[in-house]
Number of protein chains: 2
Amino acid sequence: MSARHLSSDVDVCETNCIHADIVARVARNLPRGHWLDPLADFFKLFGDGTRIRILWALSESEMCVCDLCALLSMQQSAVSHQLKNLKQSRVVKARREGKVVYYSLDDDHIRRLLDLGMAHLQEP
Amino acid sequence: MSARHLSSDVDVCETNCIHADIVARVARNLPRGHWLDPLADFFKLFGDGTRIRILWALSESEMCVCDLCALLSMQQSAVSHQLKNLKQSRVVKARREGKVVYYSLDDDHIRRLLDLGMAHLQEP
DNA sequence: AAAACATATGATTATTTGTTCATATATTAA
DNA sequence: TTAATATATGAACAAATAATCATATGTTTT
């Protein structure tokens, strides 16, 4: 998504770094940068009210686009745009049957992610 | 976050709904609306390159703010702002020791979420 | 064939959001 | 107390994004 500089000459990290050893060790173990932006983009898909409603609904049942519109009281265009995002990242998959396109969760990770998130929210 | 209308009189769901039964059933089982927006807001925290780097780093080791600045080559202000977001949602916790504030993951769900996300990305 | 229907998509717009800059707070050192 | 250091935070700005509108595509029906 956003460009990210690995090092630069501008005024960054202006304070004295306290634990050079820790920083070095963590830096060594960071997955090479390019993995982290896709990971953020993946989680970003869950970070919107419309999309999370879509995902929650699909975790209950396969649904077609206009079912989702009715459920969410939203316009078809908005729903389709979001479904496109979700599909591009293989979070949902589509199946066409005549004029109707049915969407469902692509794999079981998705359901577990939703559950884990809920578990966090429901903690003391 | 964003306001959300439950029903309205504007032009929404303009197509004929195909499966009223499914829509009704899913609607019944949707967690009451107010749970879903907080859930989206929670996932949103993972949906940014800076924050996910912070979280990944903290999953390796507790770190202070300026350690994180050094690791990410970012300004202290930007890092602190993001830490504030993460802390407000109890994703990270802070511990002060003199002038230095150490951050770490708040609970173990966070680590599992990161792993699940990665697992999804690494699929065929 | 044309009309009707379900879905997809490009462009525009309003809102959200991440970073920066300036400055404030908190703690220790002198 | 004052100076120095580490972190926090408000305001402003630029970039990202979700909804809308208009329209296109693909499928079935007539």
So for A/H81 and D/dT20, does any side-chain atom that can act as donor or acceptor lie under 3.5 Å from a complementary atom in the base?
yes
Flag the pair B/D48 and B/R53 as a salt bridge only when some basic side-chain nitrogen lies within less than 4.0 angstrom of an acidic carboxylate oxygen.
no
Would you mind telling me which residue lines up with the more 5' stretch of DNA chain D, B/C64 or A/A78, judged by nearest nucleotide?
B/C64
Here's a test of your reading of the structure: between A/V79 and A/G98, which maps to the more 5' nucleotide of DNA chain D?
A/V79
With a 3.5 Å cut-off and heavy atoms only, can you find an N or O donor on one side and an acceptor on the other between the side chain of B/S77 and the base of C/dT19?
no
Pair B/D115, B/R112 - check salt bridge (Lys or Arg N to Asp or Glu O under 4.0 Å), show working.
CA-CA 5 Å; B/D115 289 341; B/R112 279 196 286 160; over 6 Å; no
Residue of the set B/L83, B/V79, B/L55 for which side chain to side chain contact (heavy atoms under 4.5 Å, CB included) holds with B/Y103:
B/L83
Kindly point out which of D/dA19, D/dA6, C/dC5 is positioned nearest to the side chain of B/K99?
D/dA6
Tell me what B/Y102 touches on the nucleic acid: a base, only sugar-phosphate, or nothing, going by heavy atoms under 4.0 Å.
nothing
Do A/I110 and A/F46 have side chains that approach each other closer than 4.5 Å (heavy atoms only, starting at C-beta)?
yes
If the plane angle is over 60° it's perpendicular, under 30° parallel, otherwise tilted; pick one for A/H120 and B/F42.
parallel
Atom pair distance, as rounded to whole Å: CG in B/N85 and C1' in D/dA8:
13 Å
Which of C/dT20, C/dG18, D/dT20 is nearest the side chain of B/Q75? It is C/dT20
Rounded to whole Å, OH of A/Y103 lies from P of C/dA6 at a distance of 15 Å
Without decimals, in angstroms, what is the distance between A/L68 CG and D/dA19 P?
13 Å
Between A/K87 and C/dA8, is there a contact of a side-chain N or O with OP1 or OP2 at under 4.0 Å?
no
Rounded to the nearest Å, what distance is computed from the CZ atom of residue A/F43 to the P atom of nucleotide C/dT17?
18 Å
Measure from NZ on A/K84 to P on D/dT25 and round the result to the nearest Å.
14 Å
Looking only at side-chain atoms of A/R96, point me to the closest of D/dG26, C/dT20, D/dT9.
D/dG26
Got a donor-acceptor pair under 3.5 Å from the side chain of B/Q76 to the base of D/dA6?
no
Whole angstroms only, please: what is the CZ-P distance between A/R53 and D/dA18?
14 Å
For A/R95 and C/dT7, what is the distance between atoms CZ and P respectively, to the nearest whole Å?
12 Å
Between C/dT17 (P) and B/R51 (CZ): distance, integer Å
9 Å
